[in-house]
Amino acid sequence: MEIAIVLALGLLGGLGAGFGAHTVLSNKKLGTARDAAEKEHEKAEKEAEKTLAKAREDAAKLSEEARKDEQSRRRELKDLEGRIITREESLDKKLDELDKRTEKLRNSEAEVETLKNEIRDIRTRQQEKLEKVAKLSREDAAVKLMQMTERDISNDLVGMINKLQNEARDNAEEKAALIITTAMERMSSEVTAERTVTSVKLEDEEMKGRIIGKEGRNIQALQRATGVDIMVDDTPGYIVLSSFDPVRREVARQALELLLKDGRVHPGRIEEVVEKAQKNVEKDVLRAGEDAAREVGIIGIPKEILHLLGELRFRTSYGQNVLKHSTEMAHIAGMIAEEVGANVKTAKYAALVHDLGKALTHKMEGKHHHISGEMLRKYGAPEEIALAAEQHHDDVEATTVEALIIRVVDAISASRPGARNVSAENFGERMRDLENVANGFPGIEKSYAISAGREVRVFVKPQQVDDLTAIKLARDIATKIESSMQYPGTIKVNVIRETRAIEFAK
């Protein structure tokens, strides 16, 4: 029991000592915190005073700047007000001066009107006095004066008019000659005679044998497909293609070059190559028409007209290449049209297509310039172009200046020395006539005049012409040639009938 009491007393004493120590420590910490807080408060007060002082300084500066700015603006406003007042005073003075001038002008106008009235009265009185003295009215006097003047100067006027007309005629002829010669000097092109043969070079003699083929079947197939006379032994190292038609010669040349390059030469391959060459020539025709239009500076030409124009590259007129002739005419026509004040584009366009009908004269009846006008209208060319092309020969009256220009430049281009060869043209016409005679019979597929007109080869449709009819047809063609044509020597008529049986194994 006593021990328990002692322990309790010891515990209470310990608790009291601990509480006292804790209280002392707490008071000590509280004093330290209070001192720190007081220091921070003093520090904050000092910083606040500094900030407030700085703010006051900034406010004072801003206030001073605002005051200076206000003073500057007041001075500017005062100056502006002074200028405005000065301008108002100046305007008031000018208005006063204008009022004074207006008043003076009104007074002057009144004086002028008074003077006009006085002058009218004086003139009226003078006219009345003159009429009394002359015993004529004003209208009668004017008529008599005109009659006297006309009688006096009529002879002089007639002489002057005649003189002016003669001078105008002389000057017109001189100017026209100057324009034409100037155009001819500015446009100078080569003139060459069109040949009737084309040469293809052989790389070796072995290819010559391939071209001829066994028993001549290859060369016969090539001549039959192209309508061109092929000569392999006349010139060493060359194969000569002879035909009056340059289109056929070009097809044959391209086909032969393809065969020589490929090396496979047989009748089936020849037909394929000739067909390909014909397509290539068609492309060349269209390209030639486009190049000619581009050369003379004409755009917007329909494609059908360009194709017909390109065909003129392979046509000749008395030995003169028709496409070169047309482009040359277009250049000269543009120069002359510019000199005389005509439509340059119309003149160049019409000159370029004026001979378009020559590409169709073997297909259509009629004169080439009539066919040209018809084709141009058909394919949508302007009417003034069709008229000028149609009227470029004397059988149709020229109704426009451009048509007259086309006539002039056609004569200029055709009459150049060496430009045309009449004998070559006659030869070509005879070859075409020979083919047309053969084509006039029924059952004819195609016909070719070869060997300078000494032979005509006629291919018939085997379904329509049998062997006996072919023999009779050869005799009929020969008889018609004898009765309708004039030619030296003899002409061989060769009618060829070929039957092919084709079937496919499936």
Side-chain angles (χ1 to χ4, degrees), residues 193-198 216-217 219-231 234 240-252 274 278 311 314-320 322 357-368 370-371 420-499:
E194 187 72 21
R195 297 180 302 172
T196 58
V197 295
T198 300
R217 65 174 185 172
I219 194 170
Q220 290 176 6
L222 189 58
Q223 290 180 144
R224 182 168 59 250
T226 59
V228 174
D229 195 10
I230 302 176
M231 296 167 283
D234 291 355
V240 179
L241 309 176
S242 175
S243 174
F244 72 95
D245 190 335
V247 178
R248 297 179 193 170
R249 290 207 315 273
E250 180 65 17
V251 171
V274 170
Q278 289 173 343
E311 288 188 12
F314 301 103
R315 303 292 172 186
T316 58
S317 178
Y318 297 97
Q320 184 182 29
V322 179
K358 289 186 177 180
L360 298 169
T361 49
H362 59 294
K363 301 178 183 178
M364 298 178 62
E365 294 183 357
K367 296 182 178 180
H368 73 276
H370 296 164
I371 299 174
R420 293 190 169 186
N421 186 340
V422 178
S423 60
E425 180 64 18
N426 292 337
F427 170 77
E429 288 181 359
R430 187 161 61 87
M431 297 299 100
R432 283 189 287 270
D433 291 341
L434 187 59
E435 290 183 354
N436 291 335
V437 168
N439 290 330
F441 288 85
I444 304 298
E445 182 178 3
K446 54 187 176 180
S447 61
Y448 299 124
I450 61 175
S451 299
R454 293 189 296 273
E455 178 182 354
V456 55
R457 291 183 180 176
V458 182
F459 296 87
V460 299
K461 298 177 181 178
Q463 300 85 359
Q464 300 179 15
V465 179
D466 57 18
D467 290 340
L468 294 177
T469 307
I471 297 172
K472 183 177 181 298
L473 183 62
R475 180 67 261 171
D476 293 341
I477 293 174
T479 301
K480 188 172 182 180
I481 292 173
E482 290 175 356
S483 62
S484 62
M485 294 185 64
Q486 295 181 356
Y487 50 90
T490 60
I491 296 177
K492 177 182 178 182
V493 179
N494 189 0
V495 176
I496 301 173
R497 180 179 181 270
E498 181 182 36
T499 302

Review point. Is there a donor-acceptor pair closer than 3.5 Å between any side-chain N or O of E445 and the backbone N or O of K461?
Key: no
Side chain to side chain donor-acceptor pair (under 3.5 Å) filter on Q278, not counting sequence neighbours, yields none
Non-hydrogen side-chain atoms of I444 and L473 separated by less than 4.5 Å:
yes
Looking only at heavy atoms, the pair that brings A438 and V456 closest together is CB-CG2, 4.3 Å
With sequence neighbours left out, the residues meeting side chain to side chain donor-acceptor pair (under 3.5 Å) with R224 are none
OG1 of T226 to CD of E250, rounded to nearest 0.5 Å, is 12.5 Å
Between R249 and L241, the two heavy atoms sitting closest are CD-O, 3.8 Å
For A470 and V465 the tightest heavy-atom approach is N-CG1, 3.6 Å
For R497, the salt bridge (Lys or Arg N to Asp or Glu O under 4.0 Å) test, sequence neighbours excluded, returns D467
All heavy atoms of D229 vs all of Q223, minimum pair found to be OD1-OE1, 3.2 Å
Residue set satisfying salt bridge (Lys or Arg N to Asp or Glu O under 4.0 Å) with R475, at least two apart, ordered chain then number -> E482
Between S484 and V437, the two heavy atoms sitting closest are OG-CG2, 4.1 Å
d(T469 OG1, F441 CZ) to nearest 0.5 Å is 13.0 Å
For K446, the salt bridge (Lys or Arg N to Asp or Glu O under 4.0 Å) test, sequence neighbours excluded, returns none
Taking every heavy atom of S447 against every heavy atom of R248, the minimum-distance pair comes out as O-NH2, 3.9 Å
D476 meets the salt bridge (Lys or Arg N to Asp or Glu O under 4.0 Å) criterion, sequence neighbours left out, with K472
Query raised in the report: Quick one: are Q464 and P442 in side-chain contact, heavy atoms under 4.5 Å?
Result: no
